[in-house]
Structures are given as C-alpha cells and as structure tokens.
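Okay, so here's the structure we're looking at.
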Amino acid sequence: MFDLRVLIWIVAPVAPLVAALVLLNVIDAGQSNFVNLLPATTSLIDSGRDLTFFSHYVSYLGVALFHVAACMTAIVVLLIQLKGLPRSARDQALIVAGAILVLLAIVGAIARTDQFDGGLNFAYRYTCAALNAAGLGMPVFPKSCFKGQLSAFAVLSLVPLMAGLVAAAMAAAVASTAYRPLTTQTKDIDAELDRRAQLVALAFKSTSLVMVTSVLAQVQFYRLPLPLIKTELDLNLMTGYAQSMTLFWGVVFSLTIIAVFGPGALMLQRHLRDLRGSIDMPDIPSGLDPSSVRQQMVNILTSLAPLLIGASGSILETISGAL
C-alpha cells in the first residue's frame, strides 16, 4: 500500500520554487513594463561591447559548467547508493523522483504561460533584454527575449537550472528512503539506523553542494549586463537588481534544503520514540536526531549556505570592481 507520507518528499521540495514563482509573478504583474525601467537599456557602452560581454559570458559558462558537473556527480553518487538499497526502498525512491520531475514539468509549463510568466521574466527574460539592448552582434541571442524563441543563450541559461532540479529531485528521493518507518521485524536495527544516517548525510551534503553551486551560477548570470553599463548611477541600480535576485534565489534554495530534510527528520524521530516502547531500541544516530545540538548547528549552517552565498553578492561585486 502506498505510504501517504511519501507525498511529503514529492510536494515539499517543489513548494519553495512554486512559492517563489508565484511571488515573482505577483510583483511582475504590478510592473508589467519593468523591462523599460532597466537602466541597462539606456546607457550601454558603445565600444567593445561584444568583447566585454564575451569575457564575462565565458566566466558565467565556467561557473555553470562547474555547477552542472557537481549536479551530475551528485546524481551518479546517489544512484549508486540507491542501487544498494532494498527493492521496496528503490521503488519508493523512483516513485518520488518521477513524481517530482513530473510536477516540475507541470510547474515549468505553467510558468511559460502569459498569465504566470513573472517568474520566468525575473529569472531570465529581463537579463536577456538588458543584454539585447546593448546591440550585441553575437548570434547567441534570440531576436526577442519575450517570445519563447530558442537560442544558444536560452539553452545555456536553462541547462544549469535543469541539472539542479534533477539533482535535487534525486536527493529528495534518496532521503525519503532513509526516513521510512522501521518495523519490529527489522533485523539489526542498530546497523539499519547507522546506514540510514550515512545515507541522509550523503544526500544532505549533495543537495547543499548543488544549491550552493546553483547560487554561484545565478550570481554570474545576473552580473552579465553590469560591465556594459556606463554611468555610475545606472550601474548601481542594476547591481542592486542583480544582488536582490541572487539573494532571493539563495533564500529559495535554502528553504528547499529545509523542506527536503526537515519534516522527515521530525517524523522519523517521533516514529522511533513510539517504537521504543515495543522493542529495545538503540540510541538514535545524531544524523537522524534533530534534537542533537551539534547536528542542529551543522544542519543549520549547511542549509543557510545558499542564502549566505546569495547575500554575499555585494562582497563579490566589490572584489570584482577592485580587480
């Protein structure tokens, strides 16, 4: 029989992304001409635009490639772990991963409709439009950033996002197996708990790494128009926009980590506490015990890593300006 608790690992990982897209859509609906307010559309440097953009775009591609490589590595490592699990656990993981990917596909399709495209505008289209306004001669851009035209720029902006979503879905699927209820018939509960704790630790670290590299890619992406802006005032305005968006996504990614691992840890702890009255239970490993102070500190700092990276955008801008 299907365990309804599995729905937590299907819905929870997607919930922060959906909330973010809804919020951006509400903001975008209140300012439909936002693109016309971008300072980059009125004060772009005329000379050396293509070369200036190319040098910074290569930097973005380097970070994006690192992010995709981290995602692929995390997926392979998690698949290897999944292969060694009991069949029932593998089946649950496949159900969770498949359902999350289907749900993400539905969310993506809705986000591309005219009524709900605010998230897509802030995530990609406005930056694309700001670069298009520079009159760059490079063929990577679509003629219009708002008509869904496929281009090299769109593909190279989408691939890192897709890789991150797939890696997060796989991590949620593997984590869901570690938080499954134990039964009184489970052999060697002590060893089983240790195995699950190691699995949670691996999935947690993999998810955190993917979310951090995703924020780093976002930082570079939103910085692309900045070298093309001439006036200091407009540069400050556009820099503020870039920093606010990277901080926004940092918050979303940190919430995603919490959504994947927080509810499961609490449910398993409650289940083990109830089970202790039926059988002789060993001590709960710290990796599965949210009441462990040391583990709480580690988990909190790791979960906040994407947010902290997003918040460091101003520091990165200062360093970049000094180079």
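In this pair, F122 and Y126 present their aromatic rings perpendicular. The plane angle is above 60°, beyond the 30 to 60° band. Between F221 and Y124, the two ring planes are parallel [angle under 30°; tilted spans 30° to 60°].
The minimum heavy-atom distance linking V260 with A172 is given by the pair CG1-CA, 3.8 Å. Between A167 and L78 the shortest heavy-atom distance is O-CD1, 4.4 Å. Nearest heavy atoms, M238 versus A130: CE-CB, 4.0 Å. Of all the heavy atoms in C128 and F153, the pair that sits closest is CB-CE2, 3.8 Å. Of all the heavy atoms in T256 and P13, the pair that sits closest is CG2-O, 3.8 Å. C145 and A129 get closest at one heavy-atom pair: SG-N, 3.5 Å.
Annotation: side chain of V140 is not in contact with side chain of S151 (no heavy-atom distance under 4.5 Å). Proximity of L226 to L235: side-chain heavy atoms (C-beta onward) are separated by under 4.5 Å at one or more points. Using a 4.5 Å cut-off on side-chain heavy atoms (C-beta onward), M211 and S254 make no contact. For the pair P160 and C71, the minimum side-chain heavy-atom distance is 4.5 Å or more. Between V219 and W249 the shortest side-chain heavy-atom distance does not fall below 4.5 Å. Residues I257 and F253 form no side-chain contact, since every pair of their non-hydrogen atoms from C-beta on lies 4.5 Å or further apart. Side-chain contact between H67 and V210 is present, with at least one heavy-atom pair separated by less than 4.5 Å. You'll find the side chain of L85 stays beyond 4.5 Å of the side chain of Q81, heavy atoms only.
Hydrophobic clustering (ILVMFWY, side-chain heavy atoms < 4.5 Å, transitive): L61 and L228 are in one cluster. Using a 4.5 Å cut-off between side-chain heavy atoms of Ile, Leu, Val, Met, Phe, Trp and Tyr, with links allowed through other members, I80 and L82 fall into different hydrophobic clusters. Linking Ile, Leu, Val, Met, Phe, Trp and Tyr residues whenever their side-chain heavy atoms come within less than 4.5 Å places V63 and V212 in a single cluster. Placement of L224 and L156 within a single hydrophobic cluster is found when ILVMFWY residues are connected by side-chain heavy-atom separations under 4.5 Å, directly or transitively. Under a hydrophobic-cluster definition in which Ile, Leu, Val, Met, Phe, Trp and Tyr are linked whenever side-chain heavy atoms come within less than 4.5 Å, directly or via other members, I106 and L17 are assigned to different clusters.
Put simply, OG1 on T177 and CD on Q92 are 6.5 Å apart, with the number rounded to the nearest 0.5 Å. Here L209 contributes atom CG and S214 contributes atom OG; the two are 11.0 Å apart, rounded to the nearest 0.5 Å. Remark: I110 CD1 to N25 CG distance equals 11.0 Å, nearest 0.5 Å. Within the model, atoms CG of L216 and OH of Y60 stand 12.0 Å from one another, a figure rounded to the nearest 0.5 Å. Atom-to-atom distance recorded for L131:CG and Y57:OH is 9.5 Å, nearest 0.5 angstrom. In this structure, CG on L161 lies 7.5 Å from CD on Q218, to the nearest 0.5 angstrom.
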So D117 and R125, side chain to side chain contact (heavy atoms under 4.5 Å, CB included) or not? Walk me through it. CA-CA 10 Å; D117 61 355; R125 288 174 174 170; 3.1 Å; yes
Give the C-alpha distance, both sets of side-chain angles, the deciding distance and a yes or no for ring pair (Phe, Tyr, Trp, His ring centres under 6.0 Å) between F53 and F141. CA-CA 12 Å; F53 168 76; F141 292 104; 5.2 Å; yes
Decide ring pair (Phe, Tyr, Trp, His ring centres under 6.0 Å) for Y222 and F248; before the verdict, give the C-alpha distance in whole Å, the side-chain angles of both, and the deciding distance to 0.1 Å. CA-CA 12 Å; Y222 285 112; F248 178 83; 9.8 Å; no
Before giving the answer on side chain to side chain contact (heavy atoms under 4.5 Å, CB included), spell out for L24 and N121 the whole-Å C-alpha distance, their side-chain angles and the decisive distance to 0.1 Å. CA-CA 9 Å; L24 291 177; N121 289 343; over 6 Å; no
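Enclosure of atom CE in M72 by more than 12 non-hydrogen atoms of other residues, nucleotides or ligands within 6.0 angstrom is indicated.
A donor-acceptor distance shorter than 3.5 angstrom exists from the side chain of N132 to the backbone of P142, with no hydrogens or angles considered.
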